[in-house]
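Below is one structure; the comments refer to it alone.
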Amino acid sequence: MDNVFEVLNERGFIKQTTNAEQIARLLGEEQITYYVGFDPTASSLHVGSLVPIMAMAHLQRAGHKPIAIIGGGTTMIGDPTDKTEMRPMLSLEQISTNGKGILAQLQRYLNLSDDGISNNEKSQIASKAGRFLNNADWLLSVNYIEFLRDIGKHFRVNEMIQAKGYQQRLDRELGLSFLEFNYQLLQAYDYLCLFQEYGCRLQLGGDDQWGNILAGVDLVRRVEGERVHAVTFPLLTTASGAKMGKTAGGAVWLDAERTSPYEFYQYWINVDDRDVSRFLAYFTFLPMGEIQRLGNLQDEAIREAKEILAYEATKLAHGKTEADKAQAASHAAFGGGNLDEAAMPTSAIASERLDSGIPIMELFHEVGLANSRSEARRLVQQGGAYINEKQYRAIDMVVGADLLEENALLLRAGKKRYHRIIIKKD
RNA sequence: GGGGGCAUGCUAGAGCGGUCAAAUAGGGCAGACUGUAAAUCUGUUGGCUAUGCCUACGGUGGUUCGAAUCCAUCUGCCCCCA
């Protein structure tokens with residue numbers, strides 16, 4: 001079997017490493033424990049987090065043991081890295097709630113025990129499952145004097161301010177609070193704790209975290225005299241330069257409540273041509289040979305590759321059933337044929353309302369295809385409003401029961417946004 | 001502790017006291033072209049019971065026939081000196 005390091009490298013996951021050769025050997029010869037930190041500022045991860053998640057999944061498949069930590073403790077401080085302003089601080093409860101949501105999503109990709117969050121894990125020591133931890137568990141009980149004495153002494157301020165994130169803040173003479181300045185120590189301390197507790201020897205993270213991760217590597221060496229490693233992922237942007245995972249409606253979340261499987265699927269279908277093969281390598285488990293074949297498709301044929309990308313990515317995030325539904329709905333909506341009712345956003349209205357007629361603006365606004373009546377008005381005026389695939393441009397149009405087809409109305413705003421209306425049964 | 005500056009729409013960023021729902025750019029939306037892609041072109045982009053009305057330019061008061069534009073004060077952010 002290929003060394004998992006090679007697999008990751010081939011798929012583009014690796015940007016910087018402490019020592020590629022040593023890491024490859026380590027991964028090839030031993031079962032190791034590795035960790036990645038996640039940001040608990042929201043209750044859901046979005047597609048931007050998929051790179052680390054997929055990397056973790058590859059490693060776990062190769063027999064290594066993952067630890068996912070959420071920075072409950074560090075988030076209470078705010079990470080200054082590449083931020084021009086401080087992050088908002090969150091309460092402990094908020095972080096813990098968010099953590100639960102995040103864990104549920106990670107479990108789709110990884111075999112993770114959920115004991116970690118409640119901090120009682122005896123059974124999992126020998127098991128294959130990874131852990132999910134909150135660094136608040138060890139950071140909150142830290143004693144300041146002890147921390148300064150045991151950890152602080154290993155850090156040189158001269159070196160710390162070399163770090164890009166800090167330097168930027170200093171150069172611009174934007175404020176950098178002492179609180180934020182400590183961030184690196186805390187993150188390094190995480191690595192040390194995980195090494196001591198679980199024998200963790202590899203940390204992965206976004207390339208913007210390189211400095212912080214290295215601080216941890218150094219700390220372990222100084223305190224324990226052991227060599228541990230770090231790998232960073234390239235920061236993904238789309239071909240058009242935008243941040244990964246942003247669309248009109250905001251971020252593309254992994255949570256089905258926030259981004260429906262259908263929307264999720266559509267996100268991948270709509271990616272830029274130039275991103276397709278890269279994304280296949282990152283976000284699916286397809287063999288590289290297959291990915292190369294798909295990546296070579298040109299022009300219209302590339303849609304096949306996008307479909308596979310969308311299907312595989314949706315399957316991983318939401319399961320096969322949902323992926324099938326999303327695919328069917330997409331085919332129906334864009335490939336002709338009957339629209340799949342199940343996968344389309346749907347709402348029910350009372351039949352009396354239709355009998356008396358509903359102004360078209362009101363209808364589009366009500367189902368959420370327009371954020372206000374004025375927006376609905378513009379939509380209609382500009383020719384973006386469709387009912388049952390027929391365009392209506394008159395703003396004084398009143399929708400009545402006569403437009404029903406099979407007891408339903410299919411509203412469409414623009415080319416891609418659909419909403420189905422059915423008659424409420426009572 | 002002392003001195004100075006800034007706060008405008010999704011973002012950035014203009015804005016002589018009237019003609020400002022507020023230039024311009026980006027973003028968004030819609031249309032054309034297409035392959036549910038990119039690029040390009042066009043329109044649009046506070047709300048509404050809609051050729052008019054209401055709400056908006058950090059908060060509150062004031063000057064004025066009239067304020068985003070002037071004054072006072074409060075809050076927030078930033079800079080310089082210590």
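Any value given below was found using the heavy atoms of this structure, including those in side chains, with hydrogens, waters and symmetry copies removed. A note on names: the letters A, B, ... follow the listed sequences, proteins ahead of strands, and every chain is numbered from 1.
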Problem - RNA chain B: 5'-proximal contact among R377(A) and Q391(A) (nearest heavy atom) - result: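 It is Q391(A) whose nearest nucleotide is closer to the 5' end.
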Exercise for the section: Name the residue closer to the 5' end of RNA chain B, choosing between R303(A) and M361(A) according to the nucleotide with the nearest heavy atom. Expected result: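 Whichever sits nearer the 5' end wins; that is R303(A).
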Spacing of the [atom1] atoms in [M] and [N] (rounded, Å):
N: U69(B); M: U19(B); atom1: C1'; value: 15 Å
N: C54(B); M: G43(B); atom1: C1'; value: 26 Å
N: G15(B); M: A82(B); atom1: C1'; value: 38 Å
N: G28(B); M: U55(B); atom1: P; value: 32 Å
N: G52(B); M: G59(B); atom1: P; value: 28 Å
N: C16(B); M: C71(B); atom1: P; value: 14 Å
N: A50(B); M: U42(B); atom1: C1'; value: 25 Å
N: C80(B); M: G61(B); atom1: C1'; value: 32 Å

Between the side chains of [X] and [Y], does any donor sit under 3.5 Å from an acceptor?
X: D255(A); Y: Q105(A); value: no
X: Q209(A); Y: Q203(A); value: no
X: E375(A); Y: S372(A); value: no

Exercise for the section: Name the orientation class of the two ring planes belonging to W268(A) and F283(A) (parallel below 30°, tilted from 30 to 60°, perpendicular beyond 60°). Expected result: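 Correct class here is tilted.
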How would you label the contact of [X] with the nucleic acid (heavy atoms, under 4.0 Å): base, sugar-phosphate, or nothing?
X: A301(A); answer: nothing
X: V276(A); answer: nothing
X: Q381(A); answer: nothing

Exercise for the section: Output all residues satisfying side chain to side chain donor-acceptor pair (under 3.5 Å) with K15(A), sequence neighbours left out; order by chain, then residue number. Expected result: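 Scan of K15(A) (side chain to side chain donor-acceptor pair (under 3.5 Å), adjacent residues dropped) gives none.
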Can you identify which nucleotide, out of [options], has its nearest atom closest to the [X] side chain?
X: N270(A); options: G47(B), U36(B), A38(B); answer: U36(B)
X: E300(A); options: A50(B), G47(B), G35(B); answer: G35(B)
X: K416(A); options: A30(B), U36(B), A38(B); answer: U36(B)
X: S374(A); options: G31(B), A50(B), A37(B); answer: A50(B)
X: K415(A); options: A32(B), A30(B), G35(B); answer: A32(B)

For [N], does OP1 or OP2 lie under 4.0 Å from any side-chain N or O of [X]?
X: S372(A); N: C48(B); value: yes
X: R417(A); N: U36(B); value: no
X: R378(A); N: G47(B); value: yes

Practice task
Using Watson-Crick or G-U wobble geometry with both distances below 3.5 Å, tell me the partner of G35(B), or none.
Solution key: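 Answer to the pairing question: none, since G35(B) forms no Watson-Crick or G-U pair.
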Practice task
Report the base-pairing partner of G46(B) (Watson-Crick or G-U wobble, both distances below 3.5 angstrom), or none.
Solution key: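 Its partner is C54(B) (Watson-Crick or G-U wobble, both distances under 3.5 Å).
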Exercise for the section: Tell me, please, which residues at least two apart from P52(A) pass side chain to side chain contact (heavy atoms under 4.5 Å, CB included). Expected result: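 For P52(A) the side chain to side chain contact (heavy atoms under 4.5 Å, CB included) partners, ignoring immediate neighbours, are V36(A), F38(A), F233(A).
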Can you tell me how far [atom2] of [N] sits from [atom1] of [X], to the nearest Å?
X: I395(A); N: C48(B); atom1: CD1; atom2: P; answer: 13 Å
X: E366(A); N: C48(B); atom1: CD; atom2: P; answer: 14 Å
X: L379(A); N: U44(B); atom1: CG; atom2: P; answer: 15 Å
X: R373(A); N: U44(B); atom1: CZ; atom2: P; answer: 23 Å

Handout entry: H64(A) side chain reached by L27(A) side chain, heavy atoms, under 4.5 Å
Key =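 Contact flag for L27(A)/H64(A) side chains = yes.
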